[in-house]
4 protein chains.
Amino acid sequence: MSEENNIFDYLLNENEKVTEKQRRIIEAAVEMFAENGYAATSTNQIAKRAGVAEGTIFRHYQTKKDLLLNIVSPMMAKIIAPFVIKDVHKIMDTPYERYEDFLRAIILNRQEFFKTNINVFKIFIQEIPFHPELKEPFIEHVVKKVSEKFALVVQHYQERGQIINLPPKAVIRFTMTVIIGYIISQHVIFSEKDGNHEEEIEQTIQLIMHGLHPKEH
Amino acid sequence: MSEENNIFDYLLNENEKVTEKQRRIIEAAVEMFAENGYAATSTNQIAKRAGVAEGTIFRHYQTKKDLLLNIVSPMMAKIIAPFVIKDVHKIMDTPYERYEDFLRAIILNRQEFFKTNINVFKIFIQEIPFHPELKEPFIEHVVKKVSEKFALVVQHYQERGQIINLPPKAVIRFTMTVIIGYIISQHVIFSEKDGNHEEEIEQTIQLIMHGLHPKEH
Amino acid sequence: MSEENNIFDYLLNENEKVTEKQRRIIEAAVEMFAENGYAATSTNQIAKRAGVAEGTIFRHYQTKKDLLLNIVSPMMAKIIAPFVIKDVHKIMDTPYERYEDFLRAIILNRQEFFKTNINVFKIFIQEIPFHPELKEPFIEHVVKKVSEKFALVVQHYQERGQIINLPPKAVIRFTMTVIIGYIISQHVIFSEKDGNHEEEIEQTIQLIMHGLHPKEH
Amino acid sequence: MSEENNIFDYLLNENEKVTEKQRRIIEAAVEMFAENGYAATSTNQIAKRAGVAEGTIFRHYQTKKDLLLNIVSPMMAKIIAPFVIKDVHKIMDTPYERYEDFLRAIILNRQEFFKTNINVFKIFIQEIPFHPELKEPFIEHVVKKVSEKFALVVQHYQERGQIINLPPKAVIRFTMTVIIGYIISQHVIFSEKDGNHEEEIEQTIQLIMHGLHPKEH
DNA sequence: GATGAATGAGAGTTCATTCAT
DNA sequence: GATGAATGAACTCTCATTCAT
């Protein structure tokens, strides 16, 4: 699963003709963009860290922004992955009995992904507001499509009386918000790689599910 | 309340000797930092937007970073404000009967603050990961102190059996996470000034409270 | 007359706010563009020759091309000058008895101009084919307008039976061609500042006039 | 005659071992140098237009300048061609009765040459001022030798009273100037491939001959 | 012979900052 | 206090050239 999720492997295996140098450039860029931000990282620094000439970067990526987009764009496909039709169908065909189970399955699935790609994710989150090329497809393809699929799932469980009867949009926002908020709080405030993440994630799941428990008072 | 919360007024009234030009510099810098990011905004651009000479900026702020810190630092005092001892005591002395009420009071209080200072808040969120001068006092003074105070509040309501008996840290994280996540989702994805924010915030509050409802199953 | 014709004075007096450094930049750029060509001259070289920092160039001229255009554009107004309506009217009102006299007046008038601005003229000639921004207004304003006025003059003398009855366009092309060809041959082949230019120019005039003598055989 | 004059054929047939790729490189380089200038054309652009790898250029020509010189040097031999001793002897042995006939013969002979090699000629004219390697042999071998031969021709007709008794140098300069000026005016100002060139050239010839008509007034 | 990845010097340009006015 | 010309370091990016394959 690690390999399947790892953005490096995705990036670098997809396209067969990837040089060793190109790999080192991507690696260095990811590290430095995550650490200092895209705008505050110079191509000179990247080249030095990657152990290549500065010109080499521009042989593979036409501009610095190109490099950023090459790193960050696959994120979207990956984020969206578990919501691709066949997967959701799979979910629906062998349905989790409870929303709780569905949620746990999704989060555990994404958890590995976030762990593996925490740096790329940081960059993604940081740069999205400043690049329309990133923002527009993100809203169009990720937010909208995931919302649609997710809405179906939510309705599925709402019809079974398992979760609260708020508008699906609000339910989704709440669910996502807690998850994303959790991840961002990690990266913005603590940037820690230690800590008992599993337990905290489990608590988070519990709170979400509790929050969505159908009202009976 | 608006005035009391507005960071500009805070910034600009505190220090009596604030010239018209200085005000325009701050205003321009806030707009541009929020729009394009700190690193991608040049002092030249700020000067032009503010209608002052580039040198004037450096007469008031020794470096560009100084300007950033001057804009963003008061945020911390402001964020922390409602949790300052006397205020919490006030809360506790005339206690809200339910955690729900406490939460709503806090959020309504902060809501105006976020609305008024959305741009400064954006900058704050964006730049915190890259500036230790910002990050350290934020964790030390904001996160830690607010957590401590908040923990007392949480315990207060836990003792009264109103909210779930998870570790206060988890309860706080959940509460904050939902709120912060909500705001960030606004700013990252939609950056919209329209929309029925009041209703969405109320839904969010409902979900938080529900999520923290003590288990009885 | 020298002052009136000198492009530097034109350039630098027109706009009152011209720094000493700016003057040195223009001077250095003209020398180096003429010597090595625009594309083969680096802004670094110009800065060094001018004794200023490289950044200073870009404070005054937004791009290197801007610098070129600033040097070369006034050429057009200057070239066109003697053909501006009032001047031609003046010529026609106190008409030169012979085309020969008109020609000599024009050439003597331009001679000083070419001498004084030989370097700018070199640059102009060299760069015109590669810059549409230069080429289009040159054809539109210089070639066309001068041709129109010149055609009137030619017809004037043709009607008086002084010059050959070829289409004015051909007469003009011939006259201009000889003059321009003369100057270019100087600059391309000899780039000499010595030599008995006056006599050679007089011979050139003689040959033009002779060539245009009405056929009587 | 076309083949005899075409510089490509000259260039490419001379040396038997000219690959297809080499041909494409020369072709591409000529087009781009003529269009954008030597200094403003990158070897990368040439390689792309030629459909070869950048390295291939340097396999055939050690430097970019080498490529230029290889394109442009044969021009000299070609320009000089009709004045090479045996040819002039041929001219003198079967002498044209009038200078007019000689001139027309030369120009018609050169006309085809210019048409066929207009691009190489453009490059030649453009680059001569900036490359001593080009300029010196041009003056030494082309200008001087052609002048000498031409002077003999001029004296030949002057002795027969057919052309004006100015110094041969002036006569030559005038003749050449009109022709070169004509071509340059085409390339600098109009770069047109349409238009009735034949007629215009004939007019030009007429004007030259007329200009050189011995004075009889 | 041909390739194209790699280079590092140097291109034009922008930058935060200084300082004389 | 305010200016804006000046700076030079640093930026992104391009260049002609090399060389292992």
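Throughout, protein chains are lettered first and strands after them, A, B, ... in sequence-line order, and every chain is numbered starting at 1.
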By side chain to side chain contact (heavy atoms under 4.5 Å, CB included) - contacts of C/Arg24 (at least two apart):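 Scan of C/Arg24 (side chain to side chain contact (heavy atoms under 4.5 Å, CB included), adjacent residues dropped) gives C/Glu20, C/Lys21, C/Ala50, C/Val52.
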Could I get the full list of side chain to side chain contact (heavy atoms under 4.5 Å, CB included) partners for B/Asn44, not counting sequence neighbours?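 Per chain and number, B/Asn44 pairs via side chain to side chain contact (heavy atoms under 4.5 Å, CB included) with B/Ser42, B/Lys48, B/Glu54.
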Which of D/Ile71, D/Thr63, D/Leu69 passes side-chain contact (heavy atoms from CB on, under 4.5 Å) with D/Leu67? It is D/Ile71
Between [atom2] of [N] and [atom1] of [X], the distance in whole Å:
X: B/Leu68; N: E/dT17; atom1: CG; atom2: P; answer: 12 Å
X: A/Lys21; N: F/dA20; atom1: NZ; atom2: P; answer: 13 Å
X: D/Ile25; N: E/dG4; atom1: CD1; atom2: C1'; answer: 14 Å
X: D/His60; N: F/dT17; atom1: NE2; atom2: C1'; answer: 16 Å
X: B/Glu20; N: F/dT3; atom1: CD; atom2: P; answer: 11 Å
X: C/Ile57; N: E/dC15; atom1: CD1; atom2: P; answer: 18 Å
X: D/Lys48; N: E/dT3; atom1: NZ; atom2: C1'; answer: 15 Å
X: B/Asp66; N: E/dT18; atom1: CG; atom2: P; answer: 11 Å

- Output the distance between atom CE (A/Met75) and atom CD1 (A/Ile125), rounded to the nearest 0.5 Å.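 Between atom CE of A/Met75 and atom CD1 of A/Ile125 there are 8.5 Å.
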For residues 29-40 of chain A, please give each side-chain donor-acceptor pair under 3.5 Å, one per line with the distance, not counting sequence neighbours.
residue : atom : partner : partner atom : Å
A/Glu31 : OE1  : A/Arg49 : NH1          : 2.3
A/Tyr38 : OH   : A/Lys65 : N            : 3.1

Say whether, by atom type as modelled, one donor and one acceptor occur between the side chain of [X] and the main chain of [Y] under 3.5 angstrom.
X: D/Thr19; Y: D/Gln22; answer: yes
X: B/Lys64; Y: B/Thr41; answer: yes
X: B/Ser73; Y: B/Asn70; answer: no

As a check of understanding: the bend across the helix from E/dA2-F/dT21 to E/dT21-F/dA2, end axes from five pairs, rounded to 10 degrees, works out to 0°
If the cut-off is 4.0 Å, is B/Thr19 near the phosphate of F/dG1, judged by side-chain N/O to OP1 or OP2?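 False: B/Thr19 side-chain N/O out of range (4.0 Å or more) of F/dG1 OP1/OP2.
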Examine E/dG12: is either OP1 or OP2 under 4.0 Å from a nitrogen or oxygen in the side chain of C/Lys65? Give yes or no. no
Between the protein and nucleotides 14-16 of chain F, list every N/O to N/O distance that falls short of 3.5 Å.
residue : atom : partner : partner atom : Å
F/dA16  : OP1  : D/Thr41 : O            : 3.4
F/dA16  : OP1  : D/Lys64 : NZ           : 2.8
F/dA16  : OP2  : D/Thr43 : N            : 2.7
F/dA16  : OP2  : D/Thr43 : OG1          : 3.0

Per atom distances to the B/Val52 side chain, the nearest of F/dA2, F/dT3, E/dA6 is F/dT3
As a test of reading the structure: which of E/dA2, E/dG4, F/dT7 is closest to the side chain of D/Thr56, going by heavy atoms?
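Output: E/dA2.
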CA sep, side-chain torsions, deciding dist, call: C/Phe130, C/Lys135, side-chain contact (heavy atoms from CB on, under 4.5 Å): CA-CA 8 Å; C/Phe130 303 136; C/Lys135 200 167 172 175; over 6 Å; no
